[in-house]
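Quick notes on the structure that follows.
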Amino acid sequence: MADDDKYSVLLPTYNERENLPVIIWLLVKYFNESGYKYEIIVIDDGSPDKTLEVAKQLQKIYGSDKIVLRPREKKLGLGTAYIHGIKHATGNFVIIMDADLSHHPKFIPEFIKKQKEGDLDLVSGTRYIGSGGVAGWDFKRKLIRYRHNVAEEFINQNIIKMGAPNVTGSFRLYKKDVLQKLVNSCISKGYVFQMEMIIRARQFGFTIGEVPITFVDRVYGESKLGGSEIVQFFKGLMYLFATT
Ligand code: GDD
Ligand code: MN
């Protein structure tokens with residue numbers, strides 16, 4: 001049995017009705033096994049596939065103290081979905097992850113362990129070190145990944161000038177007040193947000209740990225990172241470069 005810490009998991013969803021029951025079932029399983037206090041905050045952006053209705057069913061099953069619904073009217077982007085979710089988080093730690101099963105909840109106990117070892121400000125899942133890796137990626141995915149690698153390289157060389165942190169990864173554990181401070185200082189919206197967060201974290205001198213993870217490509221549904229969002233991503237990246 002664990003101590004007084006509480007973990008708020010932020011799950012942004014857009015058309016994830018097939019994935020949501022599975023990810024929530026796994027989250028509940030791993031939190032129950034480890035004994036930590038938790039809540040799961042689902043931020044659905046008016047998904048046309050009615051993800052929210054599925055979320056309501058799950059709330060009935062697991063209870064409204066465990067499954068918290070904070071929906072928004074329409075698709076307003078991933079970055080602002082996090083900001084919206086944090087406002088409602090009651091834990092002293094916040095976990096950010098994708099709802100499409102690319103981020104497996106089984107790694108969460110390792111994130112928590114790592115954080116506790118060094119009283120770290122944030123722990124980031126990384127696909128690069130140790131047993132981390134990618135599985136089941138198709139060509140389109142690899143292309144997106146390639147772009148992210150280029151971006152990471154660029155950031156490493158020009159902005160943070162450090163080893164190879166997983167700057168585009170988004171499976172992370174934060175101290176809530178640290179996350180709040182980072183969010184307040186970030187200007188990006190959408191997918192660049194995660195990158196800016198880690199850059200700012202280094203600037204503030206926050207302590208960062210890494211846990212090796214496997215990133216499995218989604219089985220149900222499609223990536224929301226489409227053409228226009230990729231353009232936005234590079235625009236945001238340039239802006240970040242100019243302002244950091
Ligand atoms: N509420 C809300 N609003 N949720 C969203 C939105 C939105 O506008 N856009 C995406 N999501 C949710 C998805 O439903 C999913 O749970 C999560 O955010 C990630 O979206 P994906 O569409 O699955 O992202 P991806 O697989 O292409 O990208 C992943 O890898 C990138 C790095 O390679 C994500 O982990 C990204 O965050 C990461 O930058
Ligand atoms: Mn995905």
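These numbers were taken from a predicted model, which means no experiment stands behind them. Read the numbers this way: they start at 1 and go in the same order the structure lists the ligands and their atoms.
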Any N/O of Arg72 closer than 3.5 Å to an N/O of ligand 1?
no
Give a yes/no on ligand 1: does Met97 have at least one heavy atom closer than 4.0 angstrom to it?
no
Side-chain H-bond candidate by donor/acceptor type, Asp100 with Asn19, under 3.5 Å:
no
Within-cut-off N or O pair, Lys75 and ligand 1, under 3.5 Å:
yes
Can we call the ring centroids of Tyr7 and Tyr38 under 6.0 Å apart?
no
For a quick check under 3.5 Å, do Glu39 and Ser8 share a side-chain donor-acceptor pair by atom type?
yes
Given side chains that start at C-beta, do those of Leu122 and Met197 come closer than 4.5 Å, heavy atoms only?
no
Heavy-atom distances under 4.0 Å decide this one: backbone, side chain, both or neither, for Thr13 against ligand 1?
backbone
Can you find an N or O of Asp98 that's nearer than 3.5 Å to an N or O of ligand 1?
yes
Nearest to the Mn ion (ligand 2) - the N/O/S atom of Asp100, by atom name:
OD2
Need the ligand 1 atom indices (1-based, order shown) with element for anything under 4.0 Å from a heavy-atom of Ser170.
34 (C), 35 (O), 36 (C), 37 (O)
Does Glu110 form a salt bridge (charged side-chain N to carboxylate O under 4.0 Å, His left out) with Lys114? I'd like the steps, not just the answer.
CA-CA 6 Å; Glu110 292 171 38; Lys114 186 91 194 173; over 6 Å; no
For Glu16, take its heavy atoms, then give the atoms of ligand 1 lying under 4.0 Å from any of them.
13 (C), 14 (O), 15 (C), 16 (O)
For ligand 1, which is the ligand I care about here, please tell me if Ser102 has any N or O atom under 3.5 Å from one of the ligand's N or O atoms.
no
Interfacing atoms of ligand 1 (cut-off 4.0 Å, heavy-atom, Tyr14):
4 (N), 5 (C), 14 (O)
If we only count N/O pairs under 3.5 Å, is Pro12 in contact with ligand 1?
yes
Is it true that Phe206 and Phe204 have ring centroids separated by less than 6.0 Å?
yes
Flag Ile43 as yes when one of its N or O atoms lies below 3.5 Å from any N or O atom of ligand 1, and as no otherwise.
yes
Lys116, NZ atom: more than 12 neighbouring heavy atoms under 6.0 Å
yes
Inspect the surroundings of CD in Glu73 and state if more than 12 heavy atoms from other residues, nucleotides or ligands are less than 6.0 Å away.
no
Close side-chain approach of Leu52 and Ser47, heavy atoms under 4.5 Å
no
Those atoms of ligand 1 less than 4.0 Å from some heavy atom in Asp45:
1 (N), 2 (C), 3 (N), 7 (C), 8 (O)
Please determine whether Asp98 has a backbone or side-chain N, O or S atom lying under 2.8 Å from the Mn ion (ligand 2).
no
